[in-house]
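Below is one structure; the comments refer to it alone.
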Amino acid sequence: MRNDDWKKVSRLVSKKSLWMVHFCTGCGAMEMPPVMTSRYDMERFGIAPMATPRQADVLLITGYLSIKTLKRVVQVYEQMRDPKYVIGFGSCTINGGMYWDSYNTIKDLSKYIPVDLYIAGCMPRPEAIMDAFLKLMEMIEKGEAIGWKKYHKYYDQYKRNQRMAFSYRLDEVQDIKEDDAK
Amino acid sequence: MVSVPPVLLIALPLLFAFFAPLVNMWSRKAVKVYTLLVLILNATLSYLLFANVMQNGVVYEQLSGFYPPIGILLAVGPIGAILALLINTLSTIVYLTYFGEAENSVKFSMLYMLVTASSTGIVITGDLFNMFVFFEITAVGSYGLVASMRTKESFEGAFKYIVLGSIGSAFILLGIATIYGYLKTLNFYDIALRIDTMPPTARLMSFIFLIIGIGVEAEIFPLNGWVPDAYQGASNRVASFFSLGPSKAGIYAIARLIFTLLPILSGWQLALLLGVFTLIIGELAALMQEDPKRMLAYSSIGQMGLILIALSLHSETALIAAIFLMVGHALAKSLLFLGVRDYARGTLRNPLIAAPMFIGILSIIGMPPFPGFWGKWYLMKDLASQGAWLIMLVIILTAIVESVYYARFLHRGTGGEKRKLSRSETAAIIILASLLILVGIFPNYLYDPAVRAAASLLGGGP
Amino acid sequence: MVDLIALGEQILLLAGMVTLGFAIGMFFNGFARKVTARIHNRIGPPIYQGYIDVFKLFAKKTNISHGWIFDLAALFSVAGITLAFLFLPVAGFTLLSTEGDIFLILYLLAIPALGFALGAGASGNPNAAVGIMRALILMLAYELPLVMVVVAMMIHYNTTSLATLVQMQSGMHWAIFVPVFFIGAIIVDMALQGMLMEKPFDIAIAPHEIASGPMVEFGGKHLGALMLYKMMAIVVETTLFVDLFLGGGVVLSVSQYGWIAYVVNFLVWFALITLVFFLALLINAVFPRFRIEQALKFYWKYDALAALLILIWVFAGVSI
Amino acid sequence: MILEAFGVMLLAVIVVLALDRYPRIAAAVAIIASLLPLFALTSWAGIMGISLPSFLAPLEFESSLVYNLGPGTLNLAITPLGWFFLLLLATSFPLALLFASSFVRNRAGGFYAGMLLTMLGSFGVLLARDALTFFLFWEIMSWSILAMVLRGGDRRAIVSYLSFGSLSAMLLLFGFMMLYFKTGTFLFGDMHLDTSLTTLVALSMIVAGLAVKGALMPLHVWAPHVYSRSEEPFVAFLSGGLSKLGYFGMLLFMYGIAGLSLLSSWGTFRDVSYFGYALAVIGAFTAFAGTVLAVMQDDLRKLLAYSSVGQLGYIAIGIGIGTPLALTGALFQALNHTFFKAVLFLAAGAVYYRTGKWKISELGGLGYRMPFTFLAALFAIFALAAIPITSGFAAKWLLYEAAIEKKFLFVTPIMLIAGVGAFLYAYKILYGVFLGEPRYDVKEAPISQLVAMWLLVLPLVIFLIFPGWVADLAAPILSEYGMQPIPHTPYVITTNLAAYNTLAVIFALMGALLVSLILYKWKPQEVVPHEDNYLAGEPPELYEYISMHAASNYYEPFEDVFGPVFRRGAERAWEIILAAAEFLGNGARRLYTGLTQDYSIYILLFFLILVGWWLLW
Amino acid sequence: MTYELLQPVFIISSALIAIGLYGVMTKKNMLKIILSIGLIDTGVNVLIVAMGYLPGGTAPIENGNYAVYVDPVPQALVLTAIVIGVSVMALALAVAMGYYRKTGTLELDKEGVMKW
């Protein structure tokens with residue numbers, strides 16, 4: 001069993017048993033119960049809800065993120081263990097959705113944490129979520145779901161964006177711009 | 001050993017007491033030293049007498065040449081010798097504490113010598129009226145000593161002591177009158193020989209009069225109303241002196257009464273009953289006391305009850321227990337009275353005072369290496385051999401009550417800020433504590449004389 | 001000197017049985033989720049889901065730890081539960097059960113719990129501490145009826161070693177057929193529900209209230225070790241129940257039938273523990289979660305009273 | 001040589017008192033003086049059949065001594081039972097002093113003097129061969145403990161200790177005197193007791209008196225106050241060593257003097273004497289109630305005190321049952337309890353020495369800063385909770401076997417539940433004090449304290465590996481009582497119900513640990529800073545305001561259910577008795593009204609009563 | 001012996017003692033108590049002297065003619081008893097004076113007194 005065979009097995013195994021922790025901000029949380037219960041039953045793919053990021057593999061962001069919740073989401077994301085994946089639910093995570101012009105929600109999730117999969121729709125229906133899970137499992141098997149590697153590679157950019165989002169006083173924004181110039 | 005005439009023990013202190021004012025005119029300070037010397041002399045004399053008695057038995061002495069029915073006879077038996085030695089040595093030690101005092105009134109020293117002499121007199125006399133006279137001198141001296149503090153409490157205590165003391169002496173006189181009326185003699189041993197010739201009712205009446213009269217001085221239950229107030233009113237030094245001198249003489253007189261004068265069975269039963277009552281009332285009352293000196297007074301009453309029980313069992317082991325209890329109580333209680341102060345400024349904080357006080361309390365409760373333990377052990381041993389379980393139960397329960405209130409005393413004593421006692425008081429306390437330890441660890445020095453004393457007392461002799 | 005071949009053989013047997021235990025444990029995990037799903041009218045994960053989960057956890061790239069005491073937890077829990085398994089008479093094989101007895105097993109069940117609690121405590125997470133408190137109170141709660149019935153059995157059969165107990169029950173007169181121990185079996189089954197931490201009594205690892213209690217900080221390989229401990233615990237506890245009441249699965253005596261008896265006994269044992277676990281799962285799928293006070297009152301009021309009844313019954317029976 | 005030993009120890013007491021202002025020198029003198037009982041122990045090892053190399057037994061102690069004190073004679077002699085308990089005391093005493101050398105600061109001289117006196121008293125009690133010596137040294141020990149309790153200065157402790165101490169002393173005295181009444185002698189040797197009521201009452205009084213020191217349930221009220229209010233090294237020796245003297249006395253009187261035949265002559269239930277059965281039931285109740293109360297305490301010292309009361313209950317059960325198995329179990333439990341309770345109290349002392357706090361809710365996370373203290377406490381707690389590989393389990397296992405063998409249907413479950421209850425407060429100590437969120441950066445305890453703790457852990461380790469040795473130690477004691485020692489080898493203890501093989505357990509555990517170690521080392525791991533905990537995503541800087549330590553009123557649900565039941569049972573009973581005594585006291589006090597009129601009326605009344613009683617009768 | 005003759009003496013002394021005791025038992029004032037103690041002493045002394053009475057005896061003074069003397073010993077006793085009684089009364093008065101100076105009253109009533 002050479003190294004990449006091990007990789008293949010570990011990808012297969014992590015595909016077949018995805019443990020998710022979902023950060024139920026906004027209206028996406030309502031879609032999760034039907035996915036878990038008898039109608040759509042995500043458990044048949046080995047996906048089980050977990051209470052803590054330590055035990056989880058996939059983080060579901062199910063709605064708009066205000067700056068305050070972003071701070072918690074980053075903390076939860078960093079507490080998860082590699083290999084970890086993120087799925088963004090709904091248009092609010094893609095481009096801010098209906099809160100596109102609001103001052104305190106973030107517009108593009110992938111600027112702050114690497115997102116492997118987005119699900120379009122102003123709250124996607126359970127079928128879309130099931131389809132997303134299957135899509136994610138495929139990506140894991142093919143090795144395309146490499147969000148956590150990107151986070152390590154571009155760690156300081158992500159941190160810069162996060163500081164930019166968290167800082168609301170003008171002078172703080174000014175020094176971040178000067179750091180970029182350097 | 002040089003043979004010491006017992007009468008010197010009484011005559012010398014009286015003589016020197018009356019010379020005291022002359023010395024006082026010379027220099028006030030000298031009176032104290034003078035009194036101390038007298039007391040030391042008296043103590044050595046009593047030791048010589050003790051050695052003499054131990055060596056060749058009872059020492060008799062005719063006063064003024066007349067033979068017994070008329071003249072006064074001093075008969076010093078082993079028990080008399082022990083108590084005389086105890087009273088004299090301890091009174092010298094307690095007198096040491098007077099050096100710490102600023103005021104030095106000659107009257108106090110005179111009274112002190114007077115009461116010491118008369119207590120010794122009670123213990124060694126062989127004549128009933130002579131004992132009455134010594135009783136009265138002790139009483140008057142004690143009234144004066146209690147009142148010497150010149151505070152409201154001391155006057156009040158003294159007054160109560162006077163009232164009850166004189167009623168007591170009246171009863172003794174009545175007793176002597178009935179006895180003399182029939183037997184026309186006042187000598188103990190003469191009375192003992194011819195006591196049967198008296199008609200039974202007269203004999204009982206004289207016993208009742210005598211036991212009430214002497215009982216007042218020996219702090220027995222119904223008669224000891226004056227004890228708490230007198231001890232509380234008196235200064236520490238005087239209270240400590242009381243617990244060794246007069247009270248020991250009182251309980252000796254009771255022993256003399258129920259063993260030599262009227263050795264009748266119902267007398268012992270009455271003494272036992274009184275002892276039990278005194279013990280119970282004394283200990284229970286002490287449980288609820290706020291003022292430490294008053295508590296110690298009640299505890300003294302309790303201890304007197306215990307000694308009375310030991311005496312009333314009229315068996316050899318019980319008498320040995322009584323002697324050990326007497327010696328233990330005298331040493332420990334005088335030590336406690338010297339060291340006790342009001343709770344606000346407790347003395348138990350500095351270790352030099354706390355350790356001896358702790359040893360004193362242990363001896364009174366009956367903890368082993370101290371005389372109190374040997375007394376209680378022998379008392380229980382004698383009670384067990386007679387199967388008197390009820391009395392043993394009473395002694396046990398009162399011992400537990402005793403430990404409760406001494407525990408409270410120990411704890412509250414350590415409260416308040418630190419308080420220094422004068423050097424002489426500390427010295428006296430330490431000497432008394434070391435005496436306690438010595439008698440406790442080497443009890444055989446007290447045991448052998450105690451055995452002889454018990455034998456002679458049981459046999460009706462001096 | 002002890003002859004090495006027999007010793008080697010013995011160790012091999014022990015090692016084999018332990019791996020078998022773990023395998024059955026993982027099967028049970030999948031089986032449990034399948035049965036619960038079926039009751040919830042959904043399809044549920046494949047039976048071999050347990051194996052996948054464990055491999056995924058051990059395949060995790062990075063693992064965190066809160067210091068050497070935290071690592072101690074994983075070590076102690078797996079080691080402890082294997083030790084408990086070794087001292088149980090399993091399917092007619094007396095592994096080491098002649099060396100220890102029922103009290104040893106009751107206390108051996110405590111080593112992994114205490115080691116696991118130590119690790120959770122070391123993580124410093126308040127959720128973990130509250131979870132451990134609930135687990136320990138629950139343990140105290142279910143131990144009372146369990147211990148009363150076990151003591152009653154010990155005194156009734158006048159032995160404390162499980163191996164002899166299993167022998168006594170061989171030839172189909174199992175303890176469950178004795179009327180007094182039939183009620184005893186019910187009581188111990190309720191206690192078993194607490195031991196297995198199934199639904200009405202999974203107060204300690206409640207995901208919603210205290211974020212899965214003690215396991216809040218365990219991730220990756222630590223969680224893998226704890227999953228192994230959890231599965232092996234299911235096997236051990238059900239085997240204990242089977243040994244006590246259902247004759248330990250020994251149906252044919254080895255001396256008469258040779259190696260076939262081993263196979264038959266093994267199958268019977270496996271069927272029995274699956275049945276017992278299935279019963280527990282049924283209750284698990286249906287019941288909501290008790291509060292810890294309710295669980296304590298339930299065990300110490302109703303269960304203990306019933307157990308007291310058994311004690312009196314045995315006392316009357318055995319008092320000569 | 002015994003007399004010289006007593007003399008030297010008394011001398012040491014005086015010297016130490018003088019050296020009050022130099023704690024270090026006083027400690028040195030005290031430790032040297034404390035080695036005397038140890039040398040006595042080694043020189044008498046012969047009677048237990050242990051031959052020690054000569055350098056271990058430098059001083060030659062004669063085996064018996066009769067010393068005439070005047071009013072009474074002390075006769076002391078060494079017996080196997082005395083030797084066993086001397087082993088417990090003589091080893092733990094110097095170590096408690098070693099711990100105290102760096103712990104006790106003020107009035108150190110008084111501390112060492114008190115400790116030496118307690119040792120002297122207990123040394124005498126162990127060797128006593130007659131009632132007077134036993135009572136004398138028992139009392140010396142109890143009042144030297146009082147001296148130490150006085151140093152603590154807590155009112156409830158002093159009053160409760162002295163009143164219970166004198167209750168125990170008086171019960172013993174009453175019992176001895178009744179035996180004296182029955183047999184006419186105090187010597188244990190020739191006290192041939194007959195089966196009469198007085199002997200029964202005497203024996204039960206003596207056992208009750210001893211039970212006060214052994215803190216059995218109705219008489220245990222003094223123990224928590226004293227254990228929790230005095231200095232730690234003293235409490236370690238008091239609860240570890242001195243509480244065993246109560247059980248030494250019980251063994252001596254119930255089996256040494258009265259003998260099993262006499263006990264069972266007063267009626268037996270399944271050939272366990274009613275006397276023993278009652279003791280076992282009280283012991284079981286003490287174990288259960290002690291453990292439950294320990295679970296509900298927040299103050300560390302109070303918790304350890306109640307756990308001590310609980311663990312001592314086990315010994316009483318063993319003595320009560322009275323079979324060779326039960327007695328060996330009781331002796332083994334006494335041995336274990338001495339050492340692990342000493343380690344726990346010393347660990348609590350070390351924690352107090354560094355943090356100055358007692359409350360478990362205020363402590364936390366000391367395991368990282370004080371690792372060696374934590375490890376010693378961890379091992380002691382495992383022994384306390386009777387985790388299988390530790391010696392604690394072997395002791396409890398023997399007791400369980402004995403109870404099952406004698407068909408104790410209702411006592412065994414209570415014992416087992418008390419054992420499980422021990423896990424609860426064991427974990428409360430571990431989590432509350434050592435684990436959880438580190439809040440104090442304190443240094444490790446000083447070297448002398450650590451050495452003392454780890455030397456105390458050593459015997460636990462020895463008897464963990466060789467439980468059979470305790471059965472060897474118990475053999476001469478049991479043969480003295482005419483019982484057969486239990487079948488055993490150094491590793492395996494077999495009873496007619498089952499066997500317990502420590503070797504199998506240890507090797508199996510090593511194997512299992514090996515398996516999990518391989519499994520564990522499969523993947524690398526990185527240690528995470530302590531703040532990085534999942535708290536629903538809250539950022540770490542939140543820690544400054546609120547404490548993450550979840551140890552305050554830890555078993556709150558348990559307390560809600562059982563609080564009122566257990567909280568004040570025994571204490572209220574004793575308070576009612578004290579109130580009754582005080583009521584009587586008030587009555588007696590009222591008699592002295594302070595007026596001479598009343599006093600003279602008393603005299604007249606007394607006179608009339610006397611006259612009336614005698615003339616009429 | 002001669003007790004029939006002594007009947008009146010007994011009556012007088014017991015009366016005196018009774019009055020004295022009554023005074024001590026009921027009166028609060030210190031002076032009254034001291035007086036009643038004096039009464040008790042006199043009562044007792046009368047009794048003692050009566051003990052030595054011989055019918056027809058004269059006072060025991062040696063003046064040559066050897067008449068029958070009354071027994072001299074009780075009279076000696078009475079002498080000392082009277083001396084003691086006087087000294088006690090003197091001391092009692094001093095104490096009462098001290099108490100008065102300190103508290104301003106001679107009454108020993110229930111409140112002001114050290115009790116219990």
Side-chain angles (χ1 to χ4, degrees), chain A residues 1 3 5-22 24 33-58 76-85 126 130 133 137 140-141 145-149 151-152, chain C residues 26 29-30 32-66 70 120 123 125 127-128 131 202 205-227 285:
Chain A
M1 295 289 275
N3 199 339
D5 292 354
W6 268 117
K7 256 201 200 27
K8 202 187 280 26
V9 164
S10 74
R11 267 200 226 104
L12 177 74
V13 155
S14 65
K15 167 181 103 97
K16 290 297 281 178
S17 105
L18 273 174
W19 288 352
M20 60 141 193
V21 63
H22 61 277
C24 20
V35 167
M36 283 192 241
T37 48
S38 48
R39 178 171 288 275
Y40 294 95
D41 191 8
M42 66 176 184
E43 206 181 350
R44 45 196 160 95
F45 304 114
I47 302 169
M50 278 297 153
T52 56
R54 296 280 189 224
Q55 301 162 358
D57 305 329
V58 58
V76 163
Y77 181 72
E78 273 160 11
Q79 276 177 354
M80 285 165 68
R81 292 297 104 205
D82 301 337
K84 49 193 176 185
Y85 320 99
M130 288 304 288
F133 280 139
M137 283 155 77
I140 295 168
E141 187 156 11
I146 48 161
W148 50 280
K149 286 203 179 83
Y151 196 69
H152 290 309
Chain C
M26 284 190 238
N29 187 306
R33 289 167 70 176
K34 192 71 173 178
V35 164
T36 333
R38 273 288 178 260
I39 293 171
H40 294 170
N41 185 12
R42 47 187 179 82
I43 299 161
I47 292 286
Y48 48 82
Q49 183 60 34
Y51 301 94
I52 300 171
D53 288 349
V54 171
F55 284 130
K56 181 213 74 179
L57 283 173
F58 281 106
K60 277 280 182 182
K61 298 271 184 302
T62 60
N63 296 293
I64 56 105
S65 148
H66 285 273
F70 185 78
S123 68
N125 194 318
N127 290 327
D202 69 342
I205 42 170
H208 317 295
E209 294 145 17
I210 39 174
S212 77
M215 300 196 285
V216 71
E217 283 301 315
F218 287 85
K221 62 176 183 181
H222 295 104
L223 188 56
L226 288 187
M227 287 278 278

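Throughout, a chain's letter reflects where its sequence line sits, starting with A, and its residues are numbered from 1.
Contact annotation for Asn127(C): neither backbone nor side-chain heavy atoms come within less than 4.5 Å of a heavy atom of chain A. Residue Phe58(C): no heavy atom, backbone or side chain, is found under 4.5 Å from chain A. Using a 4.5 Å cut-off between heavy atoms, Glu217(C) contacts chain A through both its backbone and its side chain. In this structure, chain C has a heavy atom under 4.5 Å from the side chain of Thr52(A), while its backbone stays farther away.
Checked for salt-bridge contact, Lys61(C) and Asp82(A) miss the test: no charged N lies under 4.0 Å from a carboxylate O.
For Tyr48(C), the OH atom is loosely surrounded, since the number of other residues' heavy atoms within 6.0 Å does not exceed 12. Open room surrounds CZ on Phe55(C); 12 or fewer heavy atoms of other groups in view lie less than 6.0 Å from it.
For Asp53(C), the salt bridge (charged side-chain N to carboxylate O under 4.0 Å, His left out) test picks out Arg33(C), with sequence neighbours left out. Listed by chain and residue number, Asp57(A) satisfy the salt bridge (charged side-chain N to carboxylate O under 4.0 Å, His left out) test with Lys60(C) (two or more places apart in sequence, or in another chain).
Separating the CZ atom in Arg54(A) from the OG atom in Ser123(C) is a distance of 9.5 Å, to the nearest 0.5 Å. Atoms CD1 and OG, on Ile52(C) and Ser14(A) in that order, are 11.0 Å from each other to the nearest 0.5 Å.
For the options Arg44(A), Arg39(A), Met50(A), heavy-atom pairs under 4.5 Å to chain C are most numerous at Arg44(A). The greatest number of non-hydrogen atom pairs below 4.5 Å with chain A, out of Pro45(C), Gly44(C), Ala59(C), is found for Pro45(C). Comparing Ala56(A), Ala51(A), Ser38(A) by heavy-atom pairs within less than 4.5 Å of chain C, the highest count is held by Ser38(A). Counting heavy-atom pairs closer than 4.5 Å to chain C, the top-ranked of the candidates Lys16(A), Lys84(A), Met42(A) is Lys16(A).
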For Ile64(C) and Arg81(A), what are the C-alpha separation, side-chain angles and deciding distance, and is it a side chain to side chain contact (heavy atoms under 4.5 Å, CB included)?
CA-CA 8 Å; Ile64(C) 56 105; Arg81(A) 292 297 104 205; 3.3 Å; yes
Determine whether Trp19(A) and Leu223(C) satisfy the following criterion, side chain to side chain contact (heavy atoms under 4.5 Å, CB included), listing intermediate values before the conclusion.
CA-CA 13 Å; Trp19(A) 288 352; Leu223(C) 188 56; 3.6 Å; yes
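Looking at Gln55(A), its side chain does come within 3.5 Å of a backbone N or O of Met215(C) through a donor-acceptor pair.
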